[in-house]
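Written below as structure tokens is the structure these notes are about.
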Amino acid sequence: MSDVAQAAGVSHQTVSRVLNGHPSVRPETRERVQDAIARLGYRRNSAARALVTRRSDTLGVVTPASALYGPTSTLVAFEEAAREAGWYVSVATMRRFTADSMRASVEHFLDQGVDALVVIAPTREVAQAVSGLDVPVPVVLISSALELRESVGVLSVGVDQRLGARLATRHLLARGHESVLHVAGPQDWFDAQDRLAGWREECETAGIDVPAPIVAGWSADAGYQVGRELAAGVLPAAIFAANDQLALGLEHAFWDAGVRVGQDVAIVGFDDEVGSAHYLPPLTTVRQDFGRLGALAIDVVRQALAGETGQEAPRLVPPEIVVRRSSGV
């Protein structure tokens with residue numbers, strides 16, 4: 001930094017201000033310092049800076065090794081928000097969550113000197129591994145798990161899955177359907193539990209019968225199999241599918257059976273994943289704002305680092321419904 005200051009003809013303090021984006025530096029001075037940095041190939045010594053600030057500007061993230069839309073989109077959004085806020089993200093993906101594997105990941109991150117630990121916890125397996133954590137840095141959860149939100153000293157953030165399910169069900173009821181069937185996701189996933197609960201709550205609020213849900217997986221193959229069975233029996237008038245892939249499989253099965261989606265049966269999905277607007281017909285679905293979720297998670301990290309570990313209620317991002325032709329024209 002002293003070399004940069006000498007080359008630019010400014011003080012060491014001015015170089016520091018330029019590096020930290022301080023607004024009091026004149027534009028021509030800032031440009032001169034930046035030119036000197038480029039000429040000399042200067043890079044900050046992050047290790048030395050961490051010794052002074054006692055912060056590594058690094059966050060550790062534990063996430064399932066999954067290509068599913070929700071966890072993947074959550075990780076991408078969080079990394080982008082962290083980078084914009086000046087943090088680096090170190091990621092550990094895990095295929096099996098046990099107390100031992102979680103402890104090993106935590107030790108790995110503590111060796112790196114992370115400022116905080118973030119856990120993307122979509123399933124009960126992850127929740128059980130997290131519940132016994134005792135670490136010297138703040139832990140922030142991205143999850144819809146009620147039991148995790150209520151953990152003492154743990155901050156959490158998530159998308160309001162129940163509200164999303166209620167919006168989907170309400171939309172179908174508003175179209176005049178007297179009953180809505182729910183094709184649910186696997187019930188060891190908190191999102192699937194919340195979506196089923198929200199669907200049930202909306203049906204009960206409307207005073208209609210609640211049909212038995214069909215519990216499937218998350219895949220289009222699972223949706224296709226359910227669709228074939230429904231098409232061969234008594235066809236429901238309206239279906240709320242727990243994710244867009246299930247809805248895609250349903251649409252495929254109904255197409256094969258000559259059932260017209262949007263006319264003979266209405267379908268609403270969940271996620272608004274890439275391509276859902278190009279299903280045949282285009283899919284009405286519930287959109288999760290992952291960008292807002294990532295930004296909110298960073299706010300919660302800041303809150304945790306400031307020592308604000310209490311939380312009266314989870315901080316939830318509201319979803320929105322995107323209406324297309326699959327739910328009727």
**Message:** Apply the hydrophobic cluster definition, ILVMFWY joined by side-chain contacts under 4.5 Å directly or through others, and give me every member besides Trp189.
**Reply:** Leu68, Trp218
**Item:** Flag for Gln303-Arg315: side-chain donor and acceptor within less than 3.5 Å
**Value:** yes
**Asked** Hey, is Arg200 close enough to Asp194 for a salt bridge, meaning N to O under 4.0 Å?
**Response** no
**Asked** For the rings on Tyr224 and Phe254, is their centre-to-centre separation under 6.0 Å?
**Response** no
**Asked** How long is the gap from CD on Gln6 to CG on Leu40, to the nearest 0.5 Å?
**Response** 9.5 Å
**Asked** Are Ile267 and Leu181 connected in a single hydrophobic cluster, I mean Ile/Leu/Val/Met/Phe/Trp/Tyr linked by side-chain heavy atoms less than 4.5 Å apart?
**Response** yes
**Message:** Do Leu141 and Leu110 sit in one hydrophobic cluster, given that two such residues count as connected whenever their side-chain heavy atoms are within less than 4.5 Å of each other, even indirectly?
**Reply:** yes
**Request:** Search all heavy atoms of Thr284 against all heavy atoms of Ser326 and return the closest pair with its distance.
**Result:** N-OG, 2.8 Å
**Complete:** Taken in chain and number order and not counting sequence neighbours, the residues that satisfy side-chain hydrogen bond (donor to acceptor under 3.5 Å, both in side chains) with Glu79 are Arg83
**Prompt:** Going from CE on Met94 to CD on Glu125, what distance comes out if it is rounded to the nearest 0.5 angstrom?
**Reply:** 8.0 Å
**Request:** May I ask you to decide if Tyr69's main-chain N or O and Ser73's side chain share a donor-acceptor pair within less than 3.5 Å?
**Result:** yes
**Side-chain donor/acceptor of Trp199 to backbone N/O of Val180, under 3.5 Å** = yes
**Request:** Spell out, as yes or no, whether a donor-acceptor pair under 3.5 Å connects the side chain of His182 to the backbone of Pro213.
**Result:** no
**Asked** Rounded to the nearest 0.5 Å, how far does SG of Cys203 lie from CG of Leu173?
**Response** 6.0 Å
**Asked** Is there a donor-acceptor contact under 3.5 Å from the side chain of Asp264 to the main chain of Val259?
**Response** no
**Prompt:** Would you call Arg39 and Asp35 a salt bridge, taking side-chain N to carboxylate O under 4.0 Å as the test?
**Reply:** no
**Message:** Just verifying a value: how many Å separate Glu201 CD and Arg170 CZ, rounded to the nearest 0.5 Å?
**Reply:** 10.5 Å
**Message:** Between Ser105 and Ser101 (side chain of the first, backbone of the second, donor and acceptor by atom type, cut-off under 3.5 Å), is there such a pair?
**Reply:** yes
**Item:** Ion pair Asp272/Arg324, N-O distance below 4.0 Å
**Value:** yes
**Side-chain donor/acceptor of Ser276 to backbone N/O of Pro282, under 3.5 Å** = no
**Message:** Show the nearest heavy-atom pair for residues Val126 and Pro122, with the distance to one decimal.
**Reply:** CG2-CD, 4.1 Å
**Point-to-point distance, once rounded to the nearest 0.5 Å, from OG of Ser327 to CG of Leu172** = 6.5 Å
**Asked** Roughly how far, to the nearest 0.5 Å, is OG1 of Thr285 from CG of Leu248?
**Response** 11.5 Å
**Request:** Test Val76 against Phe290 for side-chain contact (heavy atoms from CB on, under 4.5 Å), laying out the working first.
**Result:** CA-CA 9 Å; Val76 170; Phe290 289 107; over 6 Å; no
**Asked** Transitively linked via ILVMFWY side-chain contacts under 4.5 Å: Val317 with Leu167?
**Response** no
**Message:** To check you understand the geometry: which heavy-atom pair defines the closest contact between Val226 and Leu250, and what is its length?
**Reply:** CG1-CD2, 4.1 Å
**Heavy-atom pair of closest approach, residues Val137 and Val114** = CG1-O, 3.6 Å
**Message:** I'd like to know if the side chain of Thr169 and the backbone of Ala165 have a donor-acceptor N/O pair within less than 3.5 Å.
**Reply:** yes
**Message:** Is the shortest side-chain heavy-atom distance between Pro318 and Arg292 below 4.5 Å?
**Reply:** yes
**Fill in**
Taking every heavy atom of Gln112 against every heavy atom of Ser90, the minimum-distance pair comes out as OE1-OG, 3.1 Å
**Message:** Is it the case that the side chains of Thr123 and Asp188 hold a donor-acceptor pair, with the cut-off being a distance below 3.5 Å and no angle test?
**Reply:** no
**Asked** Hey, does the side chain of Asp115 reach the backbone of Leu59 with a donor-acceptor pair shorter than 3.5 angstrom?
**Response** no
**Request:** Indicate yes or no for a side-chain donor-acceptor contact from Arg175 to the backbone of Gly328 under 3.5 Å, with no hydrogens or angles considered.
**Result:** yes
**Asked** Should Phe109 and Val135 be marked as a side-chain contact (heavy atoms from CB on, under 4.5 Å) after you check the CA-CA gap, both sets of side-chain angles, and the distance that decides it?
**Response** CA-CA 11 Å; Phe109 286 132; Val135 295; over 6 Å; no
**ILVMFWY cluster, Phe78 and Val159 together (side-chain gap under 4.5 Å)** = yes
**Leu196-Leu246 co-clustered via ILVMFWY side chain contacts under 4.5 Å** = no
**Message:** For a side-chain contact (heavy atoms from CB on, under 4.5 Å) check, start with the C-alpha distance between Gln288 and Gln161, then their side-chain angles and the critical distance, and finish with the verdict.
**Reply:** CA-CA 9 Å; Gln288 303 188 72; Gln161 305 291 333; 3.0 Å; yes
**Request:** Tell me, with the steps shown, if Asn243 and Arg195 meet side-chain contact (heavy atoms from CB on, under 4.5 Å).
**Result:** CA-CA 10 Å; Asn243 77 340; Arg195 292 171 195 176; 4.2 Å; yes
**Asked** Between Trp87 and Thr58, what is the shortest heavy-atom contact and its length?
**Response** CD1-N, 3.6 Å
**Message:** Whether the side chain of Thr72 engages the backbone of Ser66 through a donor-acceptor N/O pair (distance < 3.5 Å, no angle test) should be reported.
**Reply:** yes
**Asked** Between Gln245 and Ser219, do the side chains contain an N or O donor and an N or O acceptor separated by less than 3.5 Å?
**Response** no
